[in-house]
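In what follows, a structure is listed as structure tokens, so that the remarks can point back to it.
Every value quoted in this text rests on a predicted model; they were computed, and no experiment measured them. Side chains are part of it too, since the values below use all heavy atoms of this structure and drop only hydrogens, waters and symmetry mates. A note on names: the letters A, B, ... follow the listed sequences, proteins ahead of strands, and every chain is numbered from 1.
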Amino acid sequence: MEHASGFVLPNSGHNRDAEASKMGMWLFLFTELLLFGGLFIVYMVYRMINHEAFLLSSFELDVTMGTINTVVLLVSSMTIAMSITAIQKGNIKLSVNLLYATLAAAIIFMVIKYFEWSSKIHHGLFPGMDYYESLPKGEGLFFYLYFFMTGLHALHIIIGAVIIGVVIYRTKKGLVTSEKYTLTENAGLYWHLVDLIWIYLFPLFYLIH
Amino acid sequence: MATVSTDLNYLQGKKGLFSWIFSVDHKRIGLLYLYALITFFLVGVTLGILMRLELLNPGKDLLEAQTYNQIFTLHGVIMIFLFIIPSIPAVFGNFFLPIMLGTDDVSFPRLNLLSWWIYIIGAIMALSTLIFGDGPADTGWTFYAPYSVKTGTNVTMSVLAAFVLGFSSILTGLNFIVTIHRLRTPGMTFLKMPLFAWALYATSWIQLLATPIIGITLMMIVAERFFGVGLFDPSIGGDPILYQHLFWIYSHPAVYIMALPAFGIISELLPTFARRTIFGYKAIAFSSLAIAFVGYFIWGHHMFTSGMSGTGRFIFSILTFLVAIPTAIKVFNWVATLYKGSIHVHTPLLYALAFIFQFMIGGFTGLLLGALATDIHLHDTYFVVGHFHYVMFGGTGFAFFGALHYWFPKIWGKMYNAKVANTAFTLLFIGFNTLYFPMLIAGLMGMPRRYYDYLPEFHLPNMISTFGSWILAVGLILMLGNLIYAYFKSKEKPGRNPWGGITLEWQTQSPPPVQNFDRMPELPKNGPYDFEHKPTIKE
Amino acid sequence: MRTGASTFAEGVDLSLYIIAGISIVFLIGITAVMIWFVFRYNNKRNPKASHIEGNNTIEVVWTVIPTILVMIMFYYGWAGFKPMRNVPDNAMVVKAYAQMWKFSFEYPDGTYSDTLVVPINQPVKLELVSRDVLHSFYVPAFRIKEDMVPGKDNFLWFEATIEGRYDVLCAEYCGQLHSYMLSSVTVVPRQRYDEWLAKAAATGDDHPGLAVMKQNACFTCHSIDGSKLIGPSFKGIYGKTEIVVTDGAEREITIDDEYISRSIKDPNADVVQGYMKGLMISYENTINDQQIADIIEYIKTL
Amino acid sequence: MENKNLHNTENHKEHHISSYKDHFSTLLALLLLTVVTVVVSVFGADLRSLSVATALLIATVKVVVVAYYFMHLKYDMKLYTWLVVLVAVLFVAFTALTSIEYFNR
Ligand code: HEA
Ligand code: HEA
Ligand code: CUA
Ligand SMILES: [Cu+2]
């Protein structure tokens with residue numbers, strides 16, 4: 001910003017600084033990682049003291065669905081990464097289409113998650129339900145954590161989807177260009193984080209056999 | 001480059017409430033924090049006085065047991081989450097970090113405003129428990145499960161408030177880190193950065209990387225209170241001690257969120273008033289990072305009697321002692337900075353000296369708590385209460401007051417009455433020690449904390465302590481009164497650099513212009529405290 | 001510091017003196033030096049400052065010395081603590097129960113008592129059990145403290161060395177009457193201990209319901225004389241109608257066998273108007289149906 | 001006026017643009033790892049604790065791949081890589097200290 005007395009401070013908080021936005025995004029991702037980190041610690045400890053129960057409960061989860069969802073998320077990670085490449089190369093249309101593809105993946109993920117959750121809830125496994133209350137020691141914790149962690153993760157998927165929606169809108173309006181694509185980049189970072197967390201959730205809940 | 005400035009200062013320009021609460025100017029946001037903080041501090045302090053009155057004599061005096069329990073919880077929550085954690089970074093960090101770095105704002109000015117709003121929302125939530133729901137929580141600020149899950153008071157709201165406040169803290173930290181990385185003026189390398197900036201840098205990392213853990217932990221408590229399945233309930237395979245682990249994984253590092261910025265303030269005050277370069281710049285800068293880092297791994301010292309394993313106690317105790325070393329390094333370097341200086345004794349320096357003295361007592365009592373044998377006896381007694389008031393109030397609180405007196409002329413372009421300020425300081429110092437030293441004695445005698453009533457043998461220390469609280473109260477009122485009077489009535493214009501300071505904020509006008517500088521800031525030749533080659537500052 | 005009346009006192013006090021001793025030397029030393037500098041290098045005496053940037057040797061010195069000192073402190077702390085976790089084989093085992101806001105003790109022969117009586121020079125192991133929330137068993141004179149965690153088998157042990165009566169305090173915040181959760185431990189010669197135990201073991205002639213209620217500390221919260229404590233008084237409640245809150249809705253009930261039994265097994269299902277939810281815990285697993293019947297019989301007599 | 005910050009000691013010179021092909025290969029690698037981890041744990045169920053370790057190990061490899069290529073760590077300032085390592089160290093230390101405590105109960 002220019003000063004009344006006619007000089008410009010070389011580095012200014014009011015200037016556009018793409019690197020700063022990216023750094024801010026990374027730092028934010030760290031906090032997200034540790035947010036889940038707390039839950040992973042809970043998971044670890046409870047698994048340690050309820051070893052067998054966790055093992056037994058994990059058989060209740062549907063590996064096929066989990067695997068499909070993993071694949072969906074990985075593909076979506078690729079599409080959004082490609083979308084950044086596209087915008088960098090100035091290919092606005094392709095970039096938007098790839099974002100749509102990512103959005104579609106997010107929706108598929110949520111739909112599958114919906115079916116998974118509803119079948120669990122149908123069995124009365126949601127915390128507070130009768131069947132849940134009657135579970136043997138330790139198994140209840142497994143499902144509690146399952147719902148808490150995948151629920152929080154799903155919340156992140158929704159937020160990510162909204163962000164991607166915003167990027168699509170702004171790209172279409174021409175506010176994101178091959179010169180100014182920080183927004184797409186940051187949305188990409190966020191989306192990858194969602195993927196990262198799932199990469200750990202998947203084996204911890206579905207595959208520990 | 002103009003010599004006479006035509007810039008408006010940040011207090012002029014837009015007027016009116018909205019121009020403040022929606023301002024993205026880091027200086028205005030800093031002051032918004034200041035006013036909010038002082039308000040909450042006064043609420044917290046009044047609760048403190050009430051507790052002391054109740055504890056003046058054994059037996060019931062003026063409060064019900066339940067009320068007392070709610071009061072100390074609210075006192076703790078206000079003091080920790082609303083006052084001391086934001087205090088120095090949010091007020092002085094916001095105001096001075098960009099100026100000290102030679103830039104015009106933080107990296108994300110709007111995010112900065114958002115942090116303040118989140119802070120206010122969190123604060124309103126915390127205080128709303130006074131009016132709505134079933135009254136403020138009665139769990140202690142630690143919210144230990146399973147009691148916090150069982151009690152009928154409004155724990156949910158208090159916990160949600162702490163959660164929201166955590167966000168504010170995270171965003172401020174994030175903003176500062178990026179600002180420090182991106183916006184230093186050319187020529188100011190990391191090793192030429194003022195030590196206050198270093199301290200904030202280390203603090204910000206703790207805010208960023210520790211706060212999420214408490215966020216999620218508190219969410220678990222909320223979920224517990226809604227679904228009531230017993231995440232920490234042993235009968236279904238849970239473990240109440242796990243809650244404590246998670247809580248302290250955040251809350252121990254959090255005590256360094258409180259302490260490090262205060263260290264930064266002291267590192268600014270001493271060279272200014274000794275008119276010489278600081279002793280051991282690098283040692284002080286890096287020890288902040290060391291404290292921040294080691295501080296992550298010693299949370300277990302709050303749980304020595306919880307039934308942790310022997311190995312756990314061993315490891316946490318030894319690591320706790322390690323954290324004393326970087327702190328020791330700082331203290332020694334500070335004292336050495338006074339050596340062969342040319343010392344000007346002004347109010348801020350007095351606060352700095354009192355800080356060193358009181359923080360040492362706080363730190364040494366910390367060592368007694370960190371040793372296994374003694375902690376078994378002292379854990380959860382008034383010794384701990386004495387310890388943390390010494391470090392938090394005697395340390396950070398005094399540093400905060402010192403900073404307030406140091407930067408008062410810069411922030412408002414006015415000057416307070418030095419005599420009154422010194423008198424207030426003396427009262428605060430005497431009152432403080434009369435209030436808290438007897439608590440250490442009571443603790444050694446075995447008086448547990450969070451006690452509404454106590455056995456007659458603890459009467460004497462409690463009585464002295466309550467007397468101390470009155471002296472302290474008088475000192476505090478005098479100090480605030482003096483500053484408020486100066487704010488409204490002072491005619492004295494302190495000029496750019498009343499203390500002969502060297503960091504960049506002293507090169508600009510008092511109060512600073514909207515853009516922070518009215519001329520290009522000039523860095524001293526060799527590092528930030530190079531008083532030998534101090535740039536001349538024309539009015 | 002009060003007199004140490006157990007074998008641990010020596011170790012704890014020694015580490016206390018060592019750490020406090022080193023600390024006080026540093027505290028006084030550093031403060032004195034600081035004040036001296038402020039005085040000696042005052043700008044009037046020393047108008048021109050010397051700009052000393054630092055000195056690596058001295059930095060190393062004042063890093064290494066405190067490191068050594070804190071390791072010494074750590075060592076004594078550890079040494080004083082270590083015996084606390086190694087229970088001798090000949091220890092007498094007593095179970096200590098805690099619940100809001102009362103301690104009770106169960107002796108090897110099944111005797112219950114509100115206060116602890118132990119023989120002198122006899123290692124005693126306390127198995128710590130909490131029935132509701134966290135409590136902490138604290139005897140300042142013995143320098144012992146350990147949390148009582150629901151669902152976890154904690155323990156501590158001690159060997160008393162001086163006869164007398166010492167305070168037992170609850171050191172972990174546990175709710176409204178935390179500060180009144182007191183008991184005592186009396187140290188007596190072996191012979192007096194045996195006598196006491198024999199007398200305490202002899203069943204009293206209390207009403208069986210009263211005995212059960214005493215054992216479960218119902219009277220910390222309920223009175224039998226009509227005065228209101230934490231919970232409603234038992235005086236004359238049998239057959240009375242009152243308003244309770246069930247799932248947030250108020251309704252009127254009559255106090256009968258079934259209601260009392262439910263109040264004991266699931267107290268939070270119906271909460272008496274004007275009282276707080278969550279305070280009384282379920283006694284479903286501690287009091288059996290026969291005992292509940294006794295309690296009801298007893299309440300009827302009030 | 002579009003003025004960027006002059007301060008460039010930490011800026012790197014050129015923005016690297018990853019090709020579509022690179023992204024696709026990365027995806028293939030990730031899918032392969034997914035297949036491996038599912039196979040190991042579903043069909044190697046008797047390996048039990050071994051399969052936990054392998055599952056976590058493979059997950060970590062996947063995470064590194066995502067971070068390195070998709071999240072562009074490979075081409076960004078080294079600072080980011082260091083910070084990610086720092087966060088990882090911190091988290092591992094938290095879990096390690098906690099589990100030491102619980103293992104020795
Ligand atoms: C500003 C906040 C702050 C700071 C800086 C500290 C600093 C320290 N604290 Fe404190 N602490 C609290 C705030 C703080 N604490 C709070 C709020 C609680 C209670 C929470 C609750 O339960 O409600 C607490 C509780 C607490 C406990 C738990 C007690 C218990 O509940 O049983 C312990 C135990 O180890 C401890 C230890 C320490 C140590 C070793 C330091 C060290 O960092 C101190 C280091 C400093 C020095 C050692 C002095 C300076 C050094 C020299 C002058 C050089 C000479 C030195 C040597 C020769 C070694 N603290
Ligand atoms: C920065 C932190 C901070 C500060 C500054 C203080 C300040 C004070 N605290 Fe604080 N205290 C805590 C943090 C702090 N406290 C925490 C974290 C706890 C633990 C809570 C828990 O256990 O969960 C605690 C617990 C605690 C206890 C222990 C309660 C118990 O365990 O039973 C006591 C007891 O005396 C106490 C007293 C005081 C007093 C007398 C002050 C004094 O400093 C207050 C001095 C008062 C004045 C100087 C009054 C001045 C002004 C006025 C009276 C005017 C008011 C005017 C208007 C409102 C217009 N505090
Ligand atoms: Cu029981 Cu405090
Ligand atoms: Cu601590």
Side-chain angles (χ1 to χ4, degrees), chain B residues 65-66 69 140 144 146-147 150-152 234-235 240-241 274-277 279-280 283 305-307 310 314 317-318 321 324-325 328-329 332 335 338-345 353 356-357 360-361 364 367-368 371-374 376-377 379-380 444-446 448 450-453 455 531-532, chain C residues 1-2 11-12 15-16 19-20 23 27 30-31 33-34 37-38 41-43 46-54 59 62-63 66-67 70 73-74 77-78 80-81 84-85 133-134 136 138 140 143 145-147 149-152 154 167 169 171-179 276-278:
Chain B
Q66 180 71 10
N69 295 343
Y144 271 10
Y147 185 73
K150 292 195 160 162
T151 175
S235 62
I241 299 179
R275 298 285 196 281
R276 54 156 286 187
T277 173
F279 194 92
T305 69
S306 68
F314 183 94
S317 174
I318 203 163
F321 278 102
I325 295 160
I329 294 175
F332 293 133
V335 174
L338 295 172
Y339 177 65
K340 295 206 170 166
S342 174
I343 298 170
H344 294 246
V345 182
L353 299 178
I356 297 181
F357 174 73
M360 273 198 291
I361 298 188
F364 289 137
L367 296 177
L368 279 165
L372 286 168
T374 37
I376 297 297
H377 178 55
H379 170 73
D380 263 345
L444 282 170
M445 289 163 67
R450 297 172 173 167
Y451 255 32
Y452 161 71
D453 194 359
L455 297 169
F531 275 85
E532 230 172 335
Chain C
M1 208 70 185
R2 47 169 100 190
V12 173
S15 60
L16 186 114
I19 300 173
S23 299
L27 177 69
I30 293 175
T31 311
V33 169
M34 193 167 76
F37 282 170
V38 172
Y41 300 112
N42 196 293
N43 70 78
N46 194 30
K48 189 135 181 36
S50 319
H51 301 282
I52 307 162
E53 298 220 333
E59 295 288 350
W62 66 41
T63 309
T67 311
V70 292
M73 295 178 183
F74 166 75
W78 169 242
F81 164 75
M84 297 187 192
R85 298 318 278 169
V133 297
L134 296 174
S136 188
Y138 180 30
R143 314 282 189 270
K145 181 185 293 132
E146 188 77 15
D147 287 5
V149 183
K152 183 173 186 309
N154 254 0
D167 295 326
L169 309 148
E172 183 66 61
Y173 178 71
C174 53
Q176 193 165 345
L177 299 187
H178 161 59
S179 64
M276 207 159 83
K277 191 179 161 171

What residue, out of C/T67, C/T63, C/T31, C/D147, has the most heavy-atom pairs lying under 4.5 Å from chain B?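 Ranked by contacts with chain B, first place is C/D147.
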When heavy-atom pairs shorter than 4.5 Å are enumerated against chain B, which of C/S136, C/G175, C/A20 gives the highest number?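 Between C/S136, C/G175, C/A20, the count favours C/G175.
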Can you tell me if [X] uses its side chain to pair, donor with acceptor, with the backbone of [Y] under 3.5 Å?
X	Y	result
C/K152	B/G307	yes
B/S342	C/A49	no
C/Y138	B/H377	yes
C/E53	B/T277	no
B/R276	C/I52	yes

Is B/I361 in contact with chain C via its backbone, its side chain, both, or neither, using a 4.5 Å heavy-atom distance?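 B/I361 touches chain C through backbone and side-chain heavy atoms alike.
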List in chain and number order the residues that pass ring pair (Phe, Tyr, Trp, His ring centres under 6.0 Å) with C/Y173, two or more places apart in sequence or in another chain; answer none if no residue qualifies.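 Once residues adjacent in sequence are excluded, the partners of C/Y173 under the ring pair (Phe, Tyr, Trp, His ring centres under 6.0 Å) criterion are B/F72, B/Y147, C/H178.
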For B/F332, which residues count as a ring pair (Phe, Tyr, Trp, His ring centres under 6.0 Å) partner, sequence neighbours excluded?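 Here the qualifying residues are C/W62.
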Please classify the contact between C/V149 and chain B as side chain, backbone, both or neither, with a heavy-atom cut-off of under 4.5 Å.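 When you check distances to chain B, only side chain atoms of C/V149 fall under 4.5 Å.
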Side chain from CB out, backbone as N, CA, C, O: work out which of these in C/N42 comes under 4.5 Å of a heavy atom of chain B, or both, or neither.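 When you check distances to chain B, atoms from both the backbone and side chain of C/N42 fall under 4.5 Å.
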If you take all heavy atoms of B/T374 and C/S15, which pair is closest and at what distance?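 Answer, listing the atom of B/T374 first, then C/S15: CG2-OG, 3.7 Å.
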When the ring planes of B/Y339 and C/F37 are compared, do they come out parallel, tilted or perpendicular, using 30° and 60° as the limits?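 If you compare the ring of B/Y339 with that of C/F37, the planes turn out tilted.
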